[in-house]
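Please read these numbers as outputs of a predicted model, since none were measured by experiment. Order of the sequence lines fixes the chain letters, A, B, ..., with proteins taken first and strands second; residue numbering starts at 1 for each chain.
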Protein chains: 2
Amino acid sequence: MKLERQAIIDTAIALLDEVGLDKLSMRRLAKEFDVQAPALYWHFKNKQELLDHMLVAMSPAELRVPRPGQAWDDWLIERSRLQYGRLIKHRDGARLAAQTKPTEDLFPGLESMLEALGAAGFAPEEALRGLLAISSYITGSALEREGARSPAAEAAETPETAEPAGQPDGMPDMSQYPNLVAAVGAARDPDAVFDYGLNAIVAGMRAELEKRGK
Amino acid sequence: MKLERQAIIDTAIALLDEVGLDKLSMRRLAKEFDVQAPALYWHFKNKQELLDHMLVAMSPAELRVPRPGQAWDDWLIERSRLQYGRLIKHRDGARLAAQTKPTEDLFPGLESMLEALGAAGFAPEEALRGLLAISSYITGSALEREGARSPAAEAAETPETAEPAGQPDGMPDMSQYPNLVAAVGAARDPDAVFDYGLNAIVAGMRAELEKRGK
DNA sequence: CGAAGCACTTAACACTGTTAAGGAGGTGGG
DNA sequence: CCCACCTCCTTAACAGTGTTAAGTGCTTCG
């Protein structure tokens, strides 16, 4: 395989899916190209730069603008879902996003989105504020999702059938937490939780727009 | 200083503020106690366990329940702000939260909150869904905030030099991004951005409650 | 033919988390 | 009194990390 910038990025992403972020080392990545680790430093000045570009490669370039005739809120939700999907599609994708500061490669996409929202009636500051809130929410949700499992979901993992066996060691006494037990179902479907908050933020933006429209 | 579990956690947090997450090593922490690094492994089975407890120590134990007479939404917002504040108060606090899965130490707090929301009329699943969304939003926002700076704010400075063999982008020409430039002010005040999304999610919960109340 | 630059190698540095084995200090029991 | 035991820490070491410095073939060009 040829050793070029984009090839390295792609292979690194594939390797990330395979071994996870912790085991993704320069030496391990170099091995994928039958090359010594320092060779990578000719193409990237350090590991962080490589990670940055991996994240950019994961971020959707599509949907920077609504489809023809699509309402701004439908488009925003669709795009956010897509971005969320990209993050959780790759192993440790959110953790990667967490330790990577955004590069200026995102500027063009951001600009297009601001323009689209501007066409819908938003002032640039309003639009950016909404986009930032959504962006934070997306990475936070993806993070919580891949955090092995959310605490409530972990509680749900106790098989109902194991009840007579008593509490397995390490498992706390769930009867202390009746509300939590009753609520566990909500955490079972992380996509629903994500949509819930996403819709709320978009609704907030819509309210702002309507109020100002009057 | 005595070498006890809680003392280690507290010192580790202080050290985190001082040197940052990347430089927070077991050897460095041990030095704070005039002790060799492996001594810490008598108190914690590994570094991750220590990190977990650091995060718990940062999470607010107060406000698990509304003040007397306080409306549920005011309480929820206040508590969320508090938690957000705790995260950004410590250096790399959000990054720490990002690489730490929640432990069951959070169960009691969660249970109290579910109970409080239940008293306000929420079904357990609704309440948990809202809390999870808010929690995601908090860590995501804190993360984005400490990510040095938001992309737009970064655009405001830009003392960068050109890349060697990179894309022909060269120096970012900000005039290409008029909307972004116009919106930069919104990113200047991250607290306002945070409040914006937080209010939106809480408003979503309120709407759900009112709809069901009719 | 020689210079220049690219793309890589080998060797090494300064770290990291973590384990194994052992030793000092105190406590309790026979 | 002495030996065993437990707690808490030490020293030594392992396997691995990101990263830099110096050197080596290879291609391309003047």
Which atom pairs, donor and acceptor, lie under 3.5 Å between side-chain atoms of residues 72-80 of chain A and protein residues at least two apart or in another chain?
residue : atom : partner : partner atom : Å
A/D73   : OD2  : A/R206  : NH1          : 2.5
A/W75   : NE1  : A/L63   : O            : 2.8
A/W75   : NE1  : A/V65   : O            : 3.4
A/E78   : OE1  : A/R67   : NE           : 3.4
A/E78   : OE1  : A/Q70   : NE2          : 2.8
A/E78   : OE2  : A/R67   : NH2          : 2.2
A/R79   : NH2  : A/Q83   : OE1          : 3.2
A/S80   : OG   : A/L76   : O            : 2.8

Separation of C/dT16 atom P from B/L29 atom CG, nearest Å, is 12 Å
Output the rounded distance in Å from CH2 (A/W42) to P (D/dT20). 16 Å
Examine D/dT7: is either OP1 or OP2 under 4.0 Å from a nitrogen or oxygen in the side chain of B/H43? Give yes or no. no
Can you list every pair that meets salt bridge (charged side-chain N to carboxylate O under 4.0 Å, His left out) and has a residue in residues 86-97 of chain B, with sequence neighbours left out? B/D22-B/R95, B/E62-B/R86, B/D92-B/R95
Across all chains, not counting sequence neighbours, the ring pair (Phe, Tyr, Trp, His ring centres under 6.0 Å) partners of A/F194 are A/Y84, A/Y137
Return the set of residues passing side-chain hydrogen bond (donor to acceptor under 3.5 Å, both in side chains) with A/N46 (not counting sequence neighbours), or none when no residue passes. none
Inter- and intrachain pairs under side chain to side chain donor-acceptor pair (under 3.5 Å), touching residues 192-201 of chain B, at least two apart: A/E208-B/Y196, B/R81-B/D195
Can you name the side-chain hydrogen bond (donor to acceptor under 3.5 Å, both in side chains) partners of B/R28, sequence neighbours left out? B/E32
Which residues pass the side-chain hydrogen bond (donor to acceptor under 3.5 Å, both in side chains) test with B/D17, sequence neighbours left out? none
Over the length of the helix from C/dC1-D/dG30 to C/dG30-D/dC1, how much do the five-pair end axes diverge, rounded to 10 degrees? 20°
Quick check for you: to the nearest 0.5 Å, what is the distance between A/L50 atom CG and A/I13 atom CD1? 9.0 Å
Grab the CZ-P distance between B/R5 and D/dC9 for me, whole Å please. 14 Å
Quick tally for nucleotides 10-19 of chain D: nucleotides whose base has a protein heavy atom under 4.0 Å get B, sugar-phosphate-only ones S, the rest -, giving BBBB---BBB
